[in-house]
Structure formats: C-alpha cells, structure tokens
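Read the structure below first, then the notes.
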Amino acid sequence: MKPTRTSRALSSHIGDNIQLFHELLNVDKNFDIVYRTMKIGGRQACFYFVDGFAKDAVLQRIIQYMCDISEDDFPKEAHEFSKKYLPYGEIGILRDTDAIVTQLLMGITGLFIDGYDACLTIDCRTYPARSVSEPGKEKVLRGSRDGFVETLIFNTAMIRRRIRDPKLTIEITQAGKSSRTDIAICYMDGRIDTDLLDRIRKRIENIRVDALTMNQESLAECIYPYKWYNPFPKFKYSERPDTAAAHLLEGNIVILVDTSPAAMILPSSVFDIIEEADDYYFPPLTGTYLRLSRMIISILGVILTPLWLLFMQNPEWIPASFQFIEIKDAVNIPLIWQLLILEFAIDGLRLASLNTPSMLTTPLSVIAGLVVGEFAANSGWFNSETMLYMAFVALSNYTQSSFELGYALKFMRLILLILTSLFNLWGFIAGSVISLLAIITNRTIAGKSYIYPLLPFSLKEIKRRFLRARLTPGEKDS
C-alpha cells in the first residue's frame, strides 16, 4: 500500500526527531501515546509506544539491560547497537517516517537515540484478545474446539500448528487509508494457482478506501464487486482453523483480516460452501449421510412451500395418497400472503434472538414458539398447514452454516412463491429456471464453474463431492 503521508527524513539529532514525532503522533492530545526520555550510554534517548499495547515487563527488562551501556563502548551505527545491546527477537531499523508512524500505531515500540538517523523498533506488543473457544455457528459433534479470534497473529499460529510445512506461506499486507488494517494471505507454495494469487495481490494493493470498517465484507466487496442480482456467495467464511488448514492443503487461498474472527476461503464453489467439518470427523458412511442430508434439506427448503402452494392452487393435481395435505380449515388470508408474512416473521425472530440478552433467549423462544404460534393459528391469521411447512423451511436454514448461502436460497424461494402465485404452473417453471440460471451462470472468483463438477461434468469429482470417501494412506484429507 502506498504511503499517504508526506515522508520526511530522520535527523541524527534526537531533538529534531522528538519534535517531528510529537507533531505526527499528536502526543500532546493523545493520552495513550507515551514517550519516555532517558540516558543510554551518556546519550539522550526516547521511547515511543502506545499504552495498552506494550508488554511492560519485557520493555522494563530491555531498558534495564541498556542502562549498563558504557559511553566509551557505544556503537557508531544503529545496526551495530541493535546486535549488541537489544537482546530481543523482533527488532527492526526504520528510516521512513510513514512506516515508523504506522508501526508505532500498530503497537510496536520505537526507540530514538541521539546520533542515529534511524528508529529502532521493538515488537514487544500484546493485543487485547478473548480466549480461543469453539465458534458458535460452526459447532461439531466431534473434533477440535478451538476457533479463530480477533487477533491476527493468534489465527496464523493456529494454522501453523496444523500445517508444519515450510511451503505454507503467509504474506502480510495492509489496506485502508486511515485504518491500515493488516491482511494475511495464506497459501501452500506449489499447490496454489499462481495467476489467481497474483490477481488477488494486485486487487488488494489497489484498494483505495478510508477503512475496512466491516472487515472481510468490506475487503470482499473491494476485491470482487458483486452483481446485485445474483445473491450466491463467492467466498466461504469459516471460524474453524481446521477447516482453513484443510482448504489450504487443497490449494485454496485463505485470507485473514485483523480484528475479524473468520477466514475468507477462495475460490469457493457451492459444494465448498455446503461442506462442513463434521463430514470428516465421522466414518465415511456417517459423513456421507450428513453431507447428503444437508444437500437434500437445502433443496427441499427452496421448493417445498412453492410446490405446496402450486398444489393448493390446483387441488385436482394432488395424488390420492397425498390428499391429506389439503387445507381443511377456512382460508381467511390468501396462502401466498400467509407464506410471505411468515418469511418476514422468521427473519424478525432471528433478528430478535441476536439482540436478546442471553439470559432471556430461552424464555422468549418459548413465548414466540408456543404462545404466538398457537394464537396466530387460532385467530385465523394463519392456517396450521402453512405454519408447519414454514417451520420446516426455518429449520432447513440452520442445516448449513453459511448465512450468505442461506439468504441466497431464501431469495430463490421468494421468487418461486411470487411467480407461482401469479402465473400458476408456468410461474413455478419460470421461477425454477431463474433459480437454476442464477446458480449455473455464477462463477467463482477464479472464473470457474460455480457448480463444478456438475458443470462441466466430472464423475470422479462428483463422487468426491457427494460421497465421503475413506482416507487412504498417502492421500490428503479434503
């Protein structure tokens, strides 16, 4: 990322550097930016750091060590000083003021010494972080219980713990004029599509925004502008390090953004997004059942209510063995309006659950499920059959972890419902064609088919996608 400030050269006189960085960092106004002047080997020195980021114990040990430096034994160059008198692992030497300001605001401690036209950086920072715990959205019945957190270095460490291969490459870059958000690009050297990797690098470098306020969603919209009429997601998001590691070994790219507890995985097809870690934490037969169940339930969640509405509009088409699906009670409100109202009501309940204090979630769920549901049916607003099918649709939304895919399927279902209501059978056919075209014509960020291996057809890959094969020796897990 190109620097946005006007870079100024450092002086070998410490007084000039202190005046310069007091101005650049607004030290007089920012209470949390601390500077500490002291004598080192008879020379004037000054530390700059952000209060709350620096590890006080480490910084204290370094200062104590440097207090014993003799004036006669003082090195002439900053590089020699760092090798001889800075007993710490992560040390840097910077002369560009833009880079120094960015490093200081990232939490790195800066040391200026009279006689050196350079800043010695000491990476003894620590970020406020929550404990590593299992993601709430991607729980597994068996497997690891750790998950990504908002601290980037912790997330890269969890991936390194699982892939102990020097070919695992993690590049760091920044985006955002004001935020300068850290972005880590992770990939396996030798397995990655280098053309795609170069495109991703260039798109991130060319981002010109003030800040990535929404973390990965802001980044996703910058590197790949979405077509508003196609809601199917281009990226897979996961808060599980084991899932990210598995995709890296498959040759995918994983992008981590600082302050975000999720990894962005690309390129991703619809089958990548549907896959979950539980598929691989159970034997092949159980894993295959879980995967196929998830796919079938997702498809039924799209077509069940439109198909039921079509039969209700044409009761003579109902087979004799399925006559029980007909509505027995009086219909006070047209079925299409009942279904649409319940679609919005389900989203309302979901939003309410997100903003409800955890101690009240269970009792309010009981109230919404029993009281509201019972009275809604008895009052005549909704028929019990409508509420039954919409309950299945609501449950189907939770069979897979991707919110983006869930809402994409919801939009397809709404199109099917509205067209079926307006044009009967032809509307159902048209809605089905629109839904199929939306997913078939979609492309991954690499420009490949979104539904590969169905299109183009590959029997070998279809077996791998639909069936959980037994992992044989020498074969990598997917």
Side-chain angles (χ1 to χ4, degrees), residues 1-30 32-127 152-153 156 170-174 180-184 258:
M1 182 177 174
K2 297 180 179 178
T4 56
R5 305 182 185 90
T6 303
S7 183
R8 297 159 68 176
L10 291 181
S11 170
S12 59
H13 188 267
I14 192 170
D16 296 336
N17 292 333
I18 291 176
Q19 182 180 357
L20 172 62
F21 281 90
H22 267 52
E23 177 186 341
L24 293 175
L25 296 171
N26 288 323
V27 174
D28 296 334
K29 295 181 180 179
N30 291 309
D32 59 336
I33 296 181
V34 181
Y35 75 100
R36 173 79 166 84
T37 58
M38 59 182 300
K39 288 280 188 177
I40 297 178
R43 296 192 187 189
Q44 190 73 17
C46 180
F47 283 91
Y48 281 95
F49 57 90
V50 177
D51 192 15
F53 283 165
K55 292 181 182 177
D56 296 336
V58 175
L59 195 56
Q60 181 182 1
R61 295 289 298 273
I62 293 174
I63 292 175
Q64 287 175 346
Y65 185 86
M66 290 190 297
C67 286
D68 297 332
I69 299 175
S70 170
E71 186 174 355
D72 298 332
D73 196 28
F74 210 94
K76 294 181 179 180
E77 295 182 358
H79 182 65
E80 290 298 323
F81 181 90
S82 68
K83 291 197 299 181
K84 193 171 183 179
Y85 294 117
L86 280 180
Y88 194 70
E90 298 177 81
I91 301 295
I93 301 175
L94 298 177
R95 290 181 171 83
D96 182 78
T97 54
D98 286 349
I100 294 171
V101 169
T102 300
Q103 294 279 303
L104 292 175
L105 294 177
M106 288 169 57
I108 295 175
T109 300
L111 170 61
F112 295 91
I113 301 176
D114 193 27
Y116 296 155
D117 60 345
C119 174
L120 296 164
T121 59
I122 307 167
D123 192 354
C124 59
R125 57 183 162 170
T126 180
Y127 286 140
L152 181 63
I153 194 66
T156 57
I170 302 179
E171 300 178 3
I172 191 73
T173 185
Q174 293 177 344
R180 304 212 171 187
T181 306
D182 288 330
I183 301 171
D258 194 28

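The first residue in the sequence is number 1, and the count goes up from there. The analysis underlying the following values was restricted to heavy atoms, covering all of them including side chains, and did not include hydrogens, waters or symmetry mates.
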Say you draw a straight line from OG1 of T102 to CG of D182; how long is it, rounded to the nearest 0.5 Å?
10.0 Å
Tightest non-hydrogen contact, residues S82 and I93, listed as OG-CD1, 4.0 Å
For I153, I'd like to know if atom CD1 has over 12 heavy atoms of other residues, nucleotides or ligands within 6.0 Å.
no
Short question: side chain of Y88, backbone of D123 - any donor-acceptor pair under 3.5 Å?
yes
Could you pull out the closest heavy-atom pair between L59 and C124, with the gap in Å?
CD1-SG, 4.3 Å
Strictly distance-based, threshold 3.5 Å: is any side-chain N or O of D114 a donor or acceptor partner for the main-chain N or O of I14?
yes
Please indicate whether E171 has more than 12 foreign heavy atoms, meaning atoms of other residues, nucleotides or ligands, lying under 6.0 Å from its CD.
yes
Find the distance between CG (N30) and NE2 (H22) and round it off to the nearest 0.5 Å.
11.5 Å
Option passing side-chain contact (heavy atoms from CB on, under 4.5 Å) with Y48 (candidates N17, I108, V27):
V27
L152 side chain reached by I172 side chain, heavy atoms, under 4.5 Å
yes
Indicate the atoms forming the closest heavy-atom contact of F53 with G107, along with that distance.
CD1-CA, 3.3 Å
Looking only at heavy atoms, which two atoms of I100 and C119 are closest? And how far apart?
CD1-CB, 3.6 Å
Side chain to side chain, F112 and L20, heavy atoms closer than 4.5 Å:
no
A quick test of your reading: do over 12 heavy atoms of other residues, nucleotides or ligands sit less than 6.0 Å from CD of Q19?
no
Heavy-atom closest pair, residues L25 and I33:
O-CD1, 3.4 Å
Any chance you could measure Y116, atom OH, to K76, atom NZ, to the nearest 0.5 Å?
10.5 Å
Judged by atom type as modelled, is there a donor-acceptor pair below 3.5 Å linking the side chain of R125 to the main-chain atoms of M106?
yes
Would you mind reporting whether F49 and I122 have side-chain heavy atoms less than 4.5 Å apart?
no
Do M66 and L86 come within less than 4.5 Å of each other through their side chains, counting heavy atoms only?
yes
May I ask you to check whether F21 and Y35 place their ring centres under 6.0 Å from each other?
no
Going from CG on D28 to CD on E23, what distance comes out if it is rounded to the nearest 0.5 angstrom?
11.0 Å
Once rounded to the nearest 0.5 Å, what's the spacing between atom NZ of K84 and atom CG of D73?
3.5 Å
Does the side chain of M38 come within less than 4.5 Å of C67's, by heavy atoms?
yes
Is the backbone N or O of A99 less than 3.5 Å from a side-chain atom of D96, with the two atoms forming a donor-acceptor pair by type?
yes
Short question: side chain of T121, backbone of G92 - any donor-acceptor pair under 3.5 Å?
yes
Evaluate Y85 against F74 for ring pair (Phe, Tyr, Trp, His ring centres under 6.0 Å), listing each step before the verdict.
CA-CA 9 Å; Y85 294 117; F74 210 94; 7.1 Å; no
Between atom CD1 of I69 and atom CD1 of I113, what is the distance when rounded to the nearest 0.5 Å?
7.0 Å
Is D32 reaching over with its side chain to a backbone N or O of D51, donor-acceptor style, under 3.5 angstrom?
no
What is the minimum heavy-atom distance between T37 and C46, and which atoms define it?
CG2-SG, 4.0 Å
